[in-house]
Amino acid sequence: MTSGPNLEEITRRGVQEIISHEQFVRMLGEGKPLRLKMGFDPSRPDIHLGHVVGLRKLRQLQQLGHQVILIVGDWTAQIGDPSGQTVTRPALTHEEVITNAESYQRQFFKVVDRDRTQVVWQSEWFGKFTLADVIGLTGRFTVAQFLERDDFAKRFQEHRPIAITEFLYPLLQAYDSVAVESDVEFGGTDQMFNLLVGRELQGMMGQRPQQCFLMPMLVGTDGAQKMSKSLGNYVALEEPPEDMYGKIMSLPDELIGPYFEYLTDVPMEELAELERSNGEINPIEFKKRLALDITAQFHDLAAANAAQAHFENVVQRRGLPEDIPEFTEPSLAGSQGEQGRRLSNIIYDAGLASSVSEAKRLINQGAIELIDAATGDARRLTRDDRTDALDMQDRAVLKRGNRRFVRLVK
RNA sequence: GGAGGGGUGGGUGAGUGGUUAAAGCCACCAGACUGUAAAUCUGGCGUCCGGAAGGGCUUCGCAGGUUCGAAUCCUGCCCCCUCCA
């Protein structure tokens, strides 16, 4: 346990708070492998960059010889995340849970070292729980304590519903810490309450309380709210390289710094330098470097370079991408009655609009271009004509907005 | 157990019998500008037919009913919230 990132880097960079920092540093000094707890809910198997901030911490600590305990929350998944809008979701089948758990791990181990990870299921201990155990567990805490939690407090105050099972969620998560005898638990700052309940419960049950490692919330691609799947402002790990690169390029400039800090290994001194040169160099250059770095982490360098080339070609120079999905347009074969097909129908059928009405709106707004396959000439289509008036060639490309293309083929 | 309030389009939230496919705001889409950033301006934002003008159909928790006409009135049901006990 010698090589690896330095202590300062591990405990400060991309970390919001460690409760307690001092005790954690002391634990590291004990020279024994620590048990690092990380749980996930198999009803939501998608990992995005927001989760990666914490996963990188796990990996760094693994490099120092510590052990990750990954808990599959097959019981907590049935309760649902206490986020207010969650209406009771249908319970997942056993098969779905297994599929989701596999999919989660496939992504998880893109960052975390599999060899130093132990995967356990909540049902290993909750499967044997009795009502007496549940009562015993709930009896250790009070409603007042749980209303301390920000989310509960808010909803209570605003007279919005709080399901009783939602109170169970932190309790189960806390008991996990006891079950796996965790030394440190990881989560975003929004998880603070749950992690602290675990810390407290361990103390009550005669274990050494875990340390809580809290990561900052990564702001999403909208530049306003924390990255989350339900807000649609996320970059998924399983995103194709081009999309991943593109989404990072669309980030507001202010996020370049935090993303470099939380999601890359670019040294802090270098980041400070980037900061200083701000104003002299077009920020797009920094952002490209960021997009390349992150894309390469989850794919590989070749794929990242290709994604960058794609970006430069399609977005910056407004060229045509290499791979354009093809759509077999029947009227090109000349078998569509006397007048041919309407443009709006073609756009809809080719998947460039979600309804014919939307396709018409796009046409009216000048969002549709037809690009000749041979010459590359683009023509803006602003009338919802029939194909006989359109002069459409085989292999012509239909373009919607700036970056959605479909090639029309016979 | 009792009394009261409420469920509207992706979100918020107006609207209490026709002028309402349903205000405003947010989100989103498109155009201009541009660095696929931000800001700004413009247009759009249920669906189907029509080149267009325009027309049809579907939508206000669910199911019925009253009416020429219902998001708006009536009945039943489901769900949420508050207060009292």
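Here is how names work: the chains are called A, B, and so on, in the same order as the sequence lines, proteins then strands, and each is numbered from 1.
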Which pairs, with at least one residue in residues 365-382 of chain A and sequence neighbours excluded, count as a side chain to side chain donor-acceptor pair (under 3.5 Å)?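 The answer is D372(A)-T375(A), T375(A)-D377(A).
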Backbone N or O of D74(A) within a donor-acceptor pair of the Q122(A) side chain at under 3.5 Å?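 A pair under 3.5 Å: yes.
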Using only atom types and a distance under 3.5 Å, with no angle test, would you say the side chain of N313(A) pairs donor to acceptor with the backbone of L320(A)?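 Side chain of N313(A) to backbone of L320(A): a pair is present.
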If you take any heavy atom closer than 4.0 Å to RNA chain B, which residues from residues 290-301 of chain A end up in contact?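 Correct list: empty, so none.
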Produce the list of close N/O pairs, under 3.5 Å, pairing protein atoms with atoms of nucleotides 8-10 of chain B; give distances to one decimal.
none

Partners of D253(A) by salt bridge (charged side-chain N to carboxylate O under 4.0 Å, His left out), sequence neighbours excluded?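 If we apply the salt bridge (charged side-chain N to carboxylate O under 4.0 Å, His left out) test to D253(A), skipping adjacent residues, the hits are K287(A).
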Restricting to salt bridge (charged side-chain N to carboxylate O under 4.0 Å, His left out), what partner residues turn up for R140(A), sequence neighbours left out?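 Not a single residue meets the salt bridge (charged side-chain N to carboxylate O under 4.0 Å, His left out) criterion with R140(A).
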Identify all stems in which RNA chain B takes part, counting only runs of at least 3 consecutive pairs (Watson-Crick or G-U wobble, each distance under 3.5 Å), and give each as one range with another, ordered by first number.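 Stem list for RNA chain B: B:1-7 with B:78-84, B:10-12 with B:24-26, B:28-32 with B:40-44, B:46-49 with B:54-57, B:61-65 with B:73-77.
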Q365(A) (side chain) and G43(B) (base): donor-acceptor pair under 3.5 Å: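 Between G43(B) and Q365(A), which were checked side chain against base, a qualifying N/O pair under 3.5 Å is present.
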Protein-nucleotide distance (R404(A), atom CZ; G31(B), atom P), rounded to Å: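 Taking CZ of R404(A) and P of G31(B), I get 12 Å after rounding.
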Please write out the pairs of protein N or O atoms and N or O atoms of nucleotides 48-50 of chain B separated by less than 3.5 Å, giving the distance to one decimal.
unit_1 : atom_1 : unit_2  : atom_2 : d
C48(B) : OP1    : V356(A) : N      : 3.3
C48(B) : OP2    : V356(A) : N      : 3.1
C48(B) : OP2    : S357(A) : N      : 2.7
C48(B) : OP2    : S357(A) : OG     : 2.9
G50(B) : OP1    : R386(A) : NH2    : 3.3
G50(B) : OP2    : R342(A) : NH1    : 2.2
G50(B) : O5'    : R342(A) : NH1    : 3.3
G50(B) : N7     : K360(A) : NZ     : 3.1
G50(B) : O6     : K360(A) : NZ     : 3.4

Per-nt protein contacts along nucleotides 32-41 of chain B (heavy atom under 4.0 Å; B base, S backbone sugar-phosphate only, - none) come out as S-BBBB----
Only pairs at least two apart or in different chains count here, so list each ring pair (Phe, Tyr, Trp, His ring centres under 6.0 Å) that has a residue in residues 235-256 of chain A.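 Pairs touching residues 235-256 of chain A that pass the test: Y245(A)-F311(A).
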Residues in side chain to side chain contact (heavy atoms under 4.5 Å, CB included) contact with E102(A), at least two apart in sequence or another chain: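 Per chain and number, E102(A) pairs via side chain to side chain contact (heavy atoms under 4.5 Å, CB included) with I98(A).
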Quick one: which protein N/O atoms are closer than 3.5 Å to N/O atoms of nucleotides 20-25 of chain B? Pair and distance per line, please.
none

Please identify each residue that fulfils side-chain hydrogen bond (donor to acceptor under 3.5 Å, both in side chains) with N305(A), with sequence neighbours left out.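 Testing N305(A) for side-chain hydrogen bond (donor to acceptor under 3.5 Å, both in side chains), a comparison that skips the adjacent residues, returns none.
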